[in-house]
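Below: one structure, written as structure tokens.
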Amino acid sequence: MFSIAISSIIVPLLYTAVHHWLMVLIPLVIYSFTSTLMKPPVNAPIASTAPREKRATLFGILDAILTIPAILGPLIGGYVIELYGYRSLFMITAFLGIISFISIRL
């Protein structure tokens with residue numbers, strides 16, 4: 001929960017405060033760290049419940065599923081940036097992060 005809150009709410013808000021290209025490093029490092037923390041809990045259900053002979057296939061499917069946002073995100077983000085600018089994109093991202101976090105907590 002900590003990683004989700006930081007990477008999907010706090011980091012986008014930090015990006016809205018960036019006024020110099022070097023400042024991008026701060027939210028980028030924080031995001032990278034928190035994203036790394038999310039990997040084990042995502043993989044744990046497969047590792048602990050899947051039959052040994054199907055684990056590799058299931059990990060591959062999981063990685064494929066997690067790649068879809070990485071493909072669509074830049075397309076959607078570029079469109080939002082074109083229309084409204086960078087800060088708006090990160091505000092939208094933070095808003096969606098808050099909604100996601102609340103729905104996970106329910």
Side-chain angles (χ1 to χ4, degrees):
M1 297 304 290
F2 169 78
S3 295
I4 292 170
I6 298 299
S7 65
S8 65
I9 300 169
I10 303 300
V11 169
L13 292 176
L14 288 173
Y15 275 120
T16 64
V18 168
H19 295 289
H20 188 273
W21 68 269
L22 279 174
M23 290 177 63
V24 169
L25 295 175
I26 296 167
L28 183 62
V29 168
I30 294 169
Y31 178 78
S32 179
F33 176 72
T34 56
S35 295
T36 303
L37 291 176
M38 285 189 277
K39 201 78 163 145
V42 169
N43 291 333
I46 293 174
S48 64
T49 62
R52 184 177 299 265
E53 64 276 1
K54 292 190 179 194
R55 285 185 192 155
T57 301
L58 293 172
F59 280 125
I61 291 169
L62 175 65
D63 282 345
I65 291 169
L66 295 176
T67 301
I68 293 169
I71 294 168
L72 297 177
L75 296 171
I76 296 168
Y79 183 71
V80 171
I81 290 168
E82 185 74 26
L83 292 176
Y84 305 107
Y86 284 96
R87 286 190 174 72
S88 296
L89 173 69
F90 291 118
M91 294 302 289
I92 292 168
T93 303
F95 177 73
L96 293 173
I98 291 167
I99 291 171
S100 298
F101 189 76
I102 290 170
S103 67
I104 290 170
R105 297 296 299 166
L106 296 177

Q: For side-chain contact (heavy atoms from CB on, under 4.5 Å), just list the numbers for Phe101 and Ile4, CA-CA rounded to whole Å, side-chain angles, deciding distance to a tenth of an Å, and then say yes or no.
A: CA-CA 7 Å; Phe101 189 76; Ile4 292 170; 4.2 Å; yes
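- Put simply, the side chain of Thr34 gets close to the backbone of Tyr31: a donor and an acceptor are under 3.5 Å apart.
- The line from OG1 of Thr57 to CG of Leu62 is 12.5 Å long, rounded to the nearest 0.5 Å.
- Leu37 and Ile46 are not part of a single hydrophobic cluster, where members link through side-chain heavy atoms under 4.5 Å apart.
- A pairwise comparison of heavy atoms in Met38 and Ser3 identifies CG-CB, 3.3 Å as the closest pair.
- By the 6.0 Å contact criterion, CD on Glu53 is enclosed, its count of non-hydrogen atoms from other residues, nucleotides or ligands being greater than 12.
- For the pair Leu13/Phe90, no side-chain contact is recorded, criterion being any heavy-atom separation below 4.5 Å from C-beta on.
- Contacts of Val29 classified as side chain to side chain contact (heavy atoms under 4.5 Å, CB included), with partners at least two apart in sequence or in another chain: none.
- Rounding to the nearest 0.5 Å places CG of Asp63 at 11.5 Å from CD1 of Ile68.
- With hydrophobic clusters built from ILVMFWY side chains whose heavy atoms lie under 4.5 angstrom apart, Ile71 does not share a cluster with Leu66.
- Taking 4.5 Å as the limit, some side-chain heavy atom of Leu28 sits within range of a side-chain heavy atom of Tyr15.
- Side-chain contact between Val80 and Ile92 is present, with at least one heavy-atom pair separated by less than 4.5 Å.
- Residue Ile65 is grouped with residue Phe59 when hydrophobic side chains (ILVMFWY) are merged at heavy-atom distances under 4.5 angstrom, including chains of intermediate members.
- Distance check, rounded to the nearest 0.5 Å: CG of Leu89 to CG of Leu83 gives 11.0 Å.
- Here the shortest heavy-atom pairing between Pro27 and Val11 reads O-CG1, 3.7 Å.
- Qualifying side chain to side chain donor-acceptor pair (under 3.5 Å) partners for His19, counting only residues two or more places apart in sequence or in other chains: Arg87.
- A distance of 10.5 Å separates CG in Asn43 from OG in Ser48, rounded to the nearest 0.5 Å.
- Remark: Arg55 CZ to Thr49 OG1 distance equals 8.5 Å, nearest 0.5 Å.
- From Phe2, atom CZ reaches atom CD1 of Ile10 across 9.5 Å, with rounding to the nearest 0.5 Å.
- Taking all atoms of both residues into account, the shortest heavy-atom contact from Ser32 to Thr36 is O-OG1, 2.8 Å.
- Within the 4.5 Å cutoff, no side-chain heavy atoms of Leu14 are placed close to those of Met23.
- Pro12 approaches Ser7 most closely through the heavy-atom pair CD-O, 3.6 Å.
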